[in-house]
Amino acid sequence: EEASPYPLVSTCLRVLIANLEKLCPERPDGTLCLPEHWIFPQEVAEQFLQLLTWQGKLTDKTASIFQGNQTNLKLVNIQRVKISATAFINCFCHHKLLEVDATSVHSDLPLPDIIHGLCSSSWIQQNLRCLVLDSASVPHNSGLLAFGQLTGLRILSVPNVCFYSEDLANVSQLPSLENLDISNTQITNISALLTCKDRLKSLTMHYLKCLTMTKSQIFAVLKELKCLLHLDISGHRQLGSDLGFYFLQQKDILPNIVSLDISGSRYINDIDVEEFIQQRPALRFVGLLATDAGYSDFFTRRRGLKVAGGANISQIAEALSQYRKRSCYMKESLYKLFTETFSVRVTMPAILKLVAVGMRNHPLDLAVQFTASACALNLMRQGLARGVPVRLLSEITCLLFKALRNFPSYQQLQKNCLLSLTNSRILMEVPFDRFSATRFVLGWLYRHENPKVQTMVVSIISTLALQLSREQVTQLHEDLFMAVKELLEIVKRKTAENSDDTTLLFSLKALWNLTDESPATCRHFMENQGLEIFIHVLETFPEYTVQSKVLGLLNNIAEVPELTSRLMTKDVVKHVSALLHSKHMEVSYFAAGVIAHLMCDKQPWPLGAFQRTAVLQDLHAAIQKWPSSRCKMSALLTYRSFKAFFPLLGNFSEPAAQQWALWAVYHVCSRNL
Ligand SMILES: *[C@@H]1O[C@H](CO)[C@@H](O)[C@H](O)[C@H]1NC(C)=O
Ligand SMILES: *[C@@H]1O[C@H](CO)[C@@H](O)[C@H](O)[C@H]1NC(C)=O
Ligand SMILES: *[C@@H]1O[C@H](CO)[C@@H](O)[C@H](O)[C@H]1NC(C)=O
Ligand SMILES: *[C@@H]1O[C@H](CO)[C@@H](O)[C@H](O)[C@H]1NC(C)=O
Ligand SMILES: *[C@@H]1O[C@H](CO)[C@@H](O)[C@H](O)[C@H]1NC(C)=O
Ligand SMILES: *[C@@H]1O[C@H](CO)[C@@H](O)[C@H](O)[C@H]1NC(C)=O
C-alpha cells in the first residue's frame with residue numbers, strides 16, 4: 001500500500017484540504033461549508049473527515065462542513081481532535097452513525113457530552129454499533145454515564161476513563177453488547193458482567209487496578225461467560241499482577257477461548273503457558289510481552305498461534321500491532337525492537353510502519369518518541385532505506401519533526417532527527433518540510449558541537465540549501481547569513497590547520513550551493529572576507545576536489561553583475577587563469593566561467609590591456625581543448641535556470657565567453673535529461 005501512489009480520491013481530498021479556505025465558503029458565523037451543489041457520498045465524506053483528523057485540521061470551523069445534508073457519514077473518527085461539544089452535536093449527530101471513534105479527544109468534548117449528543121438522535125440511540133472512547137475525559141460529579149440509552153451498542157471501549165462498577169452494571173444490560181474494553185478504569189467489582197454472560201464475546205480488562213474481588217471471585221465470574229472468545233487480563237508493565245499466573249492454573253476455565261492476553265503478568269513461565277494452550281485447541285493468540293514466557297520451541301512449532309512478546313522479531317511485531325494504543329507496552333515493544341534491530345541487514349517496511357503508528361498514537365510520550373526514533377534509525381540506515389517506500393519514509397520524517405516540536409529541549413531526540421537527515425535517500429527523494437528542517441539544522445550549526453556533529457550538520461545543509469525555493473531562501477535570509485558566516489569560519493579554521501577533511505569539503509559545497517542564484521548571499525559572502533578566505537584555500541590545497549568547489553562558488557559571485565568587478569584582482573585572475581589549464585574538466589570549466597563573466601563585465605579591465613587579450617586567448621584555447629560538451633563531468637552541473645548565461649550570450653564582442661556559455665548550456669541540456 002505504501003509503495004503505490006495515493007489513490008485519486010485521496011489526492012483530490014488532500015488538495016481540497018490544502019485549499020480549504022479558498023474553496024469552501026464561510027458562513028456568517030465564520031464556519032465553513034461546502035460550495036452549493038457539492039455532495040459528498042458516504043465513502044468520500046468519511047475519507048475527508050479522516051484526513052482532516054489525521055492532518056490535525058479538524059476544528060469547529062472545519063467540522064461544520066459536515067453540517068447539513070451535503071455529506072453523509074456512517075463512521076466518525078475524531079481521534080485526538082479538539083472540537084467543542086456544540087460542534088460535535090451540530091456537525092455529526094444528525095448523521096446516521098454506526099461507529100464513532102473519539103479516542104483521546106480533547107477535554108473540550110467530555111464523555112457525557114458525547115453520549116448526550118449521540119442520544120439526541122433516536123436513530124443513533126438504536127443503531128450505533130460501535131463506540132470507542134479511550135481516554136475520554138469525565139468531569140467530576142458526572143454521575144452515572146448514560147451508555148444504557150445506546151441500545152444498539154455491540155462494541156464499547158472505555159479504557160482510561162473514569163468508569164465505575166455502577167457504570168458497568170448499566171452497560172452490562174445493553175441487549176447486544178458483545179465486545180467490551182474496560183481497561184484501567186475505576187471498576188472494583190465485575191460481577192455485573194454476569195448480566196451479559198450469554199452475549200459477551202470479547203472482554204478486555206487490562207490493568208483493572210481497583211478490583212476488590214479475590215482471584216477466585218474473579219475467576220468465578222469469568223467461568224460463567226459462556227460466549228467469551230477473547231480475554232485480556234494483562235497487567236501494567238511496571239506494576240505486574242499475578243492474575244495471569246493464577247488464571248493459567250484454572251484447568252477448566254474458558255475451554256474454547258481463541259485469544260488470551262496475560263502480558264505484564266508476574267511468575268509466568270513457558271511450561272504453564274504450554275500446558276494451558278495444549279488444552280485449548282482453538283487458541284490463536286497469546287499475549288506474553290513483559291513476561292518470562294514465549295521463548296521455548298513450543299511456540300515456534302505450534303502452527304497458527306500468534307504471540308505478542310519479546311522473544312523474536314515476529315513476536316515484537318505482533319506486540320507493536322496489538323498494543324498500538326497502550327503506551328506502556330508500546331515502550332516495551334520499541335525497546336525490544338531497538339535491541340533486536342541494532343545490526344539488522346534486511347529492510348522491514350512493515351515493522352517501520354508499526355513504529356510510525358506508535359509515534360502517531362503517543363505524540364506526547366517522550367519515551368515512546370525517543371525509542372521510536374532510535375528504532376527508525378536502525379530500520380532506515382543508509383542501505384536499508386532504499387527498500388522502504390518513499391511515502392513511509394516521509395511519514396516517519398514528518399513524525400520525527402513533530403516529536404522535535406513537542407520536545408524542543410530534548411537533545412538526544414534532536415540528534416536522532418539530525419542523524420535521520422544524513423540518510424541520502426531521505427534527503428534527496430523524500431517529501432518533508434524542508435524549510436523547517438533547514439531552520440532546525442542551522443540551529444545545530446550555530447551550536448558549535450563536536451566535530452562529528454559539525455560535519456553532519458554541514459553536509460546536510462549543503463544538500464538542503466539547493467532544495468529550497470527562491471521564496472524560502474528569501475524568508476530564511478537572516479538564518480542563511482548567519483550560516484554563511486559560520487561556514488566561512490569553519491573554512492578559515494580548516495585552512496589554517498591545513499586539514500582538508502570532509503568538514504572542509506562539505507562547508508565549501510554548502511557555501512557553493514547557498515550562493516547559487518542568490519545575490520544577497522553572494523554579497524554577504526563578499527562582506528565577510530569570503531574572497532580572501534577562498535584565495536587562501538586555493539593557495540593551501542592543490543586538490544581538484546577543493547578547487548572545483550571554490551571555483552563553483554566564484555562562478556556564482558561572478559554571475560552577480562554588481563559583484564563581478566570585485567573579482568578583478570590580480571590574485572583572482574592569477575589563480576583562475578592557472579586553473580583554466582587543470583586537467584580536471586570541472587575545474588577548467590568553472591575557471592573558464594569566471595573568466596567569461598569577467599570579460600563581459602561593463603567595468604573597464606583594470607589589469608592592463610595586454611593581460612586581458614592574453615587571458616581571452618587562453619580562454620579560447622582552453623575551450624578548444626575540451627572534449628565534446630556531451631562529456632561526463634564528475635560534478636553534475638545543476639542550474640536552476642539558464643539566466644546566468646544570457647548576458648554572455650548576448651555579447652558579440654566576446655566570442656570566447658559566448659563559446660563558454662554555449663558549451664555549458666549544451667552540456668546541461670545533454671546531461672541532465
Ligand atoms: C438539504 O437541505 C436543504 C436546506 O437545508 C434543503 O433545501 C434540501 O432540500 C435538502 N436536500 C435534500 C436532498 O434533502
Ligand atoms: C441504565 O441507564 C439507563 C439510561 O441512563 C437507565 O434508563 C437505566 O435505568 C439504567 N439502569 C440501571 C440498572 O441503572
Ligand atoms: C460484587 O458485586 C456482587 C453483586 O452486586 C456482590 O454480591 C459481591 O459481594 C460484590 N463483591 C465484592 C468483593 O464487592
Ligand atoms: C518467532 O516466534 C514465533 C512464535 O512465537 C514463531 O512462529 C516464529 O517462527 C519465530 N520467528 C523467528 C524469526 O524465529
Ligand atoms: C551543489 O553542490 C554539489 C556538490 O558539490 C554540486 O554538484 C552542485 O553542482 C552544486 N550546485 C549548485 C547549484 O551550486
Ligand atoms: C560586452 O562586453 C564588453 C566588455 O568586453 C562591454 O563593454 C559591453 O558593455 C558588453 N555588452 C553587453 C551588451 O553586455
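In each ligand, atom 1 is the first atom listed, and ligand 1 is the first ligand listed. On a predicted model such as this, the values are computed, not experimentally measured, just so you know.
- Ring pair Phe440/Phe401 is perpendicular by interplanar angle, where above 60° counts as perpendicular and below 30° as parallel.
- Ranking protein heavy atoms by distance to atom 5 (O) of ligand 4, first place goes to Gln315 NE2, 2.7 Å.
- Judged by the shortest distance from any of its heavy atoms, Ala311 lies outside the 4.0 Å radius around the atoms of ligand 4.
- Residue nearest to atom 1 (C) of ligand 4, selected from Val286, Ile316, Asn312: Asn312 (by heavy-atom distance).
- Geometrically, ligand 3 and Asn189 share a nitrogen or oxygen pair separated by less than 3.5 Å.
- Using modelled atom types, one finds no donor on one side chain facing an acceptor on the other under 3.5 Å when comparing Lys96 with Asn127.
- Distance check on atom 11 (N) of ligand 3: some protein heavy atom falls below the 4.0 Å cut-off.
- For the residue pair Asp292/Asn269, the side-chain donor-acceptor check at 3.5 Å is not satisfied.
- For the residue pair Leu283 and Ser259, the shortest heavy atom distance occurs at CD1-N, 3.7 Å.
- Salt bridge Arg360/Glu395: present, at least one basic N to carboxylate O contact under 4.0 Å.
- Counting protein heavy atoms only, atom 13 (C) of ligand 4 is closest to Ser314 OG, 4.1 Å.
- In this pair, Phe338 and Phe342 present their aromatic rings perpendicular. The plane angle is above 60°, beyond the 30 to 60° band.
- With distances taken over non-hydrogen atoms, the option nearest atom 6 (C) of ligand 4 out of Val307, Leu305, Thr300 is Thr300.
- Under the 3.5 Å distance criterion, with hydrogens and angles disregarded, a donor-acceptor pair is assigned to the side chains of Ser157 and Asp134.
- Nearest protein heavy-atom contact of atom 4 (C) of ligand 4 is Phe299 O, 3.3 Å.
- Residue Ser191 has at least one heavy-atom neighbour below 4.0 Å for each of these atoms of ligand 3: 1 (C), 2 (O), 3 (C).
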